[in-house]
Chemist: 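Before I ask anything, here is the structure I am working with.
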Amino acid sequence: MINFERFTLENGLRVLVHTDNSTPMAVMNILYDVGARDENPDKTGFAHLFEHLMFGGSANIPDYDEPLQLVGGENNAFTSNDITNYYLTLPAENLETGFWLESDRMLELAFSEKSLDVQRNVVIEEFKQRYLNQPYGDVWLLLRPLAYKTHPYNWATIGKEIKHVEDATMDDVKGFFTNITAQTMPY
């Protein structure tokens, strides 16, 4: 059994804490209740694109990775139909850096055309690599609409088609963010 504390902050953020003093490392796992199911069926792949954009910096931190790496940390993320999960590992004595990084990008994510261009291209290449340029890679793109007729699981997290991400504008991305924030924020 894993013992943990559970509490909710005034802003609605739910927190679970497990303390393990047998290791000098700490892990933060930030789970957003946002996934491909929250997308417009005519503009898919946005939750995954947004996962990538979250590494593009924030108002006070232009490069998310640099401060984390300077204190011995590493990070990654994944998106599914239901959630987006960010996780980082760092020395426990530097845990405050992790909280600082996460709180700043929650508070004021930087939306820049440069970041959008870079991340759009990364997601497009990922789409090609995983779904278009390997034998049977498109099987899930073809099977999902057969299994889910009117359900948001009808498309893969990467999107229905590459064109949706290719055509994503800054207004589209900000609109997705505003819509999701309005749905998921408790305040």
Side-chain angles (χ1 to χ4, degrees), residues 27-59 61-69 73-89 101-102 104-106 108-181 183-184:
V27 175
M28 290 180 66
N29 196 32
I30 295 83
L31 198 74
Y32 289 88
D33 191 20
V34 176
R37 67 164 191 237
D38 300 297
E39 299 169 340
N40 176 333
D42 297 322
K43 293 185 179 185
T44 61
F46 278 56
H48 184 72
L49 176 60
F50 214 86
E51 169 203 319
H52 284 259
L53 287 170
M54 289 282 281
F55 291 105
S58 58
I61 307 160
D63 180 355
Y64 178 90
D65 289 324
E66 185 179 357
L68 185 61
Q69 290 170 353
E74 61 183 22
N75 69 87
N76 211 335
F78 68 87
T79 304
S80 74
N81 286 85
D82 297 312
I83 62 164
T84 304
N85 186 26
Y86 297 89
Y87 51 95
L88 52 94
T89 305
L101 288 167
E102 291 303 326
D104 201 61
R105 74 176 173 183
M106 281 182 199
E108 197 168 356
L109 186 64
F111 287 99
S112 74
E113 287 293 341
K114 179 183 176 188
S115 179
L116 177 57
D117 288 343
V118 168
Q119 298 308 328
R120 183 190 306 113
N121 287 331
V122 169
V123 172
I124 289 168
E125 290 307 312
E126 186 178 338
F127 194 111
K128 289 176 183 176
Q129 179 186 11
R130 295 172 112 192
Y131 295 93
L132 303 181
N133 294 340
Q134 64 175 317
Y136 307 106
D138 62 350
V139 71
W140 291 111
L141 298 177
L142 299 171
L143 283 176
R144 281 178 173 268
L146 297 174
Y148 301 100
K149 297 295 184 189
T150 58
H151 194 279
Y153 287 11
N154 178 271
W155 58 88
T157 304
I158 198 81
K160 283 184 185 178
E161 56 187 79
I162 203 166
K163 186 149 181 56
H164 289 180
V165 173
E166 285 175 336
D167 293 344
T169 66
M170 183 61 73
D171 286 341
D172 292 334
V173 170
K174 285 183 177 180
F176 178 76
F177 176 75
T178 302
N179 184 41
I180 293 306
T181 303
Q183 290 178 31
T184 59

Chemist: Is a donor on one side and an acceptor on the other found under 3.5 Å between the side chain of N179 and the backbone of F176?
Modeler: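 A pair under 3.5 Å: no.
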Chemist: Could you name each residue pair satisfying salt bridge (Lys or Arg N to Asp or Glu O under 4.0 Å) that touches residues 112-122, not counting sequence neighbours?
Modeler: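 Salt bridge (Lys or Arg N to Asp or Glu O under 4.0 Å) check on residues 112-122 returns D117-R120.
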Chemist: Can you tell me how the ring of Y131 sits relative to the ring of F127, calling it parallel under 30°, perpendicular over 60° and tilted otherwise?
Modeler: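 The rings of Y131 and F127 sit tilted, inter-plane angle from 30° to 60°.
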Chemist: Among all residues two or more places apart in sequence or in another chain, which pass the salt bridge (Lys or Arg N to Asp or Glu O under 4.0 Å) test with E102?
Modeler: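 Testing E102 for salt bridge (Lys or Arg N to Asp or Glu O under 4.0 Å), a comparison that skips the adjacent residues, returns R105.
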Chemist: Would the distance check show the side chain of Q119 and the main-chain N or O of L53 forming a donor-acceptor pair, the cut-off being under 3.5 Å?
Modeler: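 No; judged by distance alone, with no hydrogens or angles, the pair does not exist.
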Chemist: Heavy-atom count check: over 12 atoms from other residues, nucleotides or ligands less than 6.0 Å from E108 CD?
Modeler: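 At most 12 heavy atoms, drawn from other residues, nucleotides or ligands, come within 6.0 Å of this atom.
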Chemist: Going by side-chain hydrogen bond (donor to acceptor under 3.5 Å, both in side chains), name the residues that satisfy it together with Y87, two or more places apart in sequence or in a different chain.
Modeler: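 Residues passing side-chain hydrogen bond (donor to acceptor under 3.5 Å, both in side chains) with Y87: none at all.
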Chemist: Flag the pair K128 and E125 as a salt bridge only when some basic side-chain nitrogen lies within less than 4.0 angstrom of an acidic carboxylate oxygen.
Modeler: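 Yes.
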Chemist: So, using ring pair (Phe, Tyr, Trp, His ring centres under 6.0 Å) as the criterion, who are the partners of H52 when residues are at least two apart?
Modeler: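 Expected list: H48.
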Chemist: List in chain and number order the residues that pass salt bridge (Lys or Arg N to Asp or Glu O under 4.0 Å) with E126, two or more places apart in sequence or in another chain; answer none if no residue qualifies.
Modeler: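 E126 satisfies salt bridge (Lys or Arg N to Asp or Glu O under 4.0 Å) with R130 only.
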Chemist: Which residues pass the side-chain hydrogen bond (donor to acceptor under 3.5 Å, both in side chains) test with S112, not counting sequence neighbours?
Modeler: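 Applying side-chain hydrogen bond (donor to acceptor under 3.5 Å, both in side chains) to S112 gives none.
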Chemist: Quick one: does Y64's side chain get under 4.5 Å of L88's, heavy atoms only?
Modeler: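 Side chain of Y64 against side chain of L88, heavy atoms only: contact under 4.5 Å found.
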Chemist: Are T169 and L116 close enough that some pair of their side-chain heavy atoms sits under 4.5 Å apart?
Modeler: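 Not touching, per the 4.5 Å side-chain cut-off.
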Chemist: Are there more than 12 heavy atoms of other residues, nucleotides or ligands under 6.0 Å from atom CZ of F111?
Modeler: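 Correct, the count exceeds 12.
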